[in-house]
Amino acid sequence: DFYSREVTDSSQRPQLTINTAASDTTPPTVSSVTPADGATEIPLTDNAVATFSEDMSASTLTTSTFTLTKQGSSIPVAAAVSYDPATDKATLNPNADLEANTIYTATLKGGSSGVKDVAGNALTSDRTWSFTTTAQNNTAPTATINAPTTSTTWKVDDVIDFSGSAVHSQDGQLADSQLSWSLILHH
């Protein structure tokens, strides 16, 4: 049997809510990458950047799902990964400069354990792109000579102490073992 009773108090009436908004089932895509796939002469300080077609879940953009690997290696370079929701860009910033004249491959992991949009839709498959860094900088290091000073005088059989340092624009401070000294004696 079915019994019905009219309720006069509106707070006791059953409410029915129908959600008419369509759920997002469209997987995200990568709309652009930097450096471009196949690019050459990329500076050693550049980052890998991917722009997505929609808002992404920042928590899925990690060093496990966005990697940069040197050709011939299976170990990704150490890096930090960040996401800017205002531009839909993920950036992989290596912890150190890249190696010169080297091919690198950036990978965004797709699938269930990969990057996802805010609705939880995964990139359908891995997105990879490769680029080649610029050749080694052949500029000479900047040397600093501490001793002898320009006012030092000496004669034959004097012992002369040499000390100094050198800094290279890409390699930084050079070790003492990388320095060599020569004395040219002019009369």
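Just so you know, residue 1 is the first one in the sequence shown, and it goes up from there.
- Without hydrogens or angle criteria, Lys116 side chain to Ser112 main chain gives a donor-acceptor distance under 3.5 Å.
- In this structure, the side chains of Ile42 and Tyr104 stay at 4.5 Å or more apart for every pair of heavy atoms.
- Taking CG from Asp126 and OG1 from Thr107, the interatomic distance works out to 6.5 Å, rounded to the nearest 0.5 Å.
- With Ser31 contributing its side chain and Thr51 its backbone, the two residues share a donor-acceptor pair below 3.5 Å.
- One hydrophobic cluster, built from ILVMFWY side chains closer than 4.5 Å, cannot hold both Leu68 and Val49; they sit in different ones.
- Linking Ile, Leu, Val, Met, Phe, Trp and Tyr whenever their side-chain heavy atoms come within less than 4.5 Å puts Phe162 and Ile145 in one cluster.
- Using a 4.5 Å cut-off between side-chain heavy atoms of Ile, Leu, Val, Met, Phe, Trp and Tyr, with links allowed through other members, Leu44 and Leu92 fall into different hydrophobic clusters.
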Set out, in order, the CA-CA distance, both residues' side-chain angles and the distance that settles side-chain contact (heavy atoms from CB on, under 4.5 Å) for Asp158 and Val156, then state yes or no. CA-CA 6 Å; Asp158 280 353; Val156 175; over 6 Å; no
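- Note on Val30: it clusters hydrophobically with Leu61, by side-chain heavy-atom contacts below 4.5 Å among ILVMFWY residues.
- To the nearest 0.5 Å, atom OG1 of residue Thr67 and atom NZ of residue Lys109 are 9.0 Å apart.
- Ala79 and Pro94 make their closest contact through CB-CA, 3.7 Å (heavy atoms, listed as atom of the first residue, atom of the second, distance).
- When every heavy atom of Pro76 is checked against every heavy atom of Ser74, the shortest pair comes out as CD-O, 3.6 Å.
- Without hydrogens or angle criteria, Thr102 side chain to Ala100 main chain gives a donor-acceptor distance under 3.5 Å.
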Where do Tyr83 and Thr60 land on the side-chain contact (heavy atoms from CB on, under 4.5 Å) test, with the steps shown first? CA-CA 10 Å; Tyr83 176 68; Thr60 67; over 6 Å; no
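- How far OG1 of Thr29 is from CG of Leu123: 8.0 Å, rounded to the nearest 0.5 Å.
- Note that CG of Asp176 is 9.5 Å distant from OG of Ser163, once rounded to the nearest 0.5 Å.
- Taking Glu99 as the reference, Lys70 meet the salt bridge (charged side-chain N to carboxylate O under 4.0 Å, His left out) condition, with sequence neighbours excluded.
- In this structure, a donor-acceptor pair under 3.5 Å is present between the side chains of Ser130 and Thr105.
- In this structure, Ser53 contributes its side chain and Pro28 its backbone to no donor-acceptor pair below 3.5 Å.
- Between the Asn121 side chain and the Asp24 main chain, a donor and an acceptor come within less than 3.5 Å of each other.
- In terms of modelled atom types and a separation under 3.5 Å, the side chain of Asn93 and the main chain of Asn47 share no donor-acceptor contact.
- Residues meeting the side chain to side chain contact (heavy atoms under 4.5 Å, CB included) test with Thr152, sequence neighbours left out: Pro148, Thr149, Trp154.
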With side-chain contact (heavy atoms from CB on, under 4.5 Å) as the test, would you mind laying out the steps for Phe131 and Leu98 before giving the verdict? CA-CA 11 Å; Phe131 58 89; Leu98 301 175; 4.0 Å; yes
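- Atom NZ of Lys89 is separated from atom CE of Met56 by 15.0 Å, given to the nearest 0.5 angstrom.
- Proximity of a side-chain donor or acceptor of Trp129 to a complementary backbone N or O of Val33 within less than 3.5 Å is not detected.
- Both Val77 and Phe66 are part of a single hydrophobic cluster, where members link through side-chain heavy atoms under 4.5 Å apart.
- With contacts defined as side-chain heavy-atom distances shorter than 4.5 Å, the pair Asp84/Thr91 does not qualify.
- For the pair Val167/Leu174, no side-chain contact is recorded, criterion being any heavy-atom separation below 4.5 Å from C-beta on.
- How far OG of Ser165 is from CG of Asn146: 6.0 Å, rounded to the nearest 0.5 Å.
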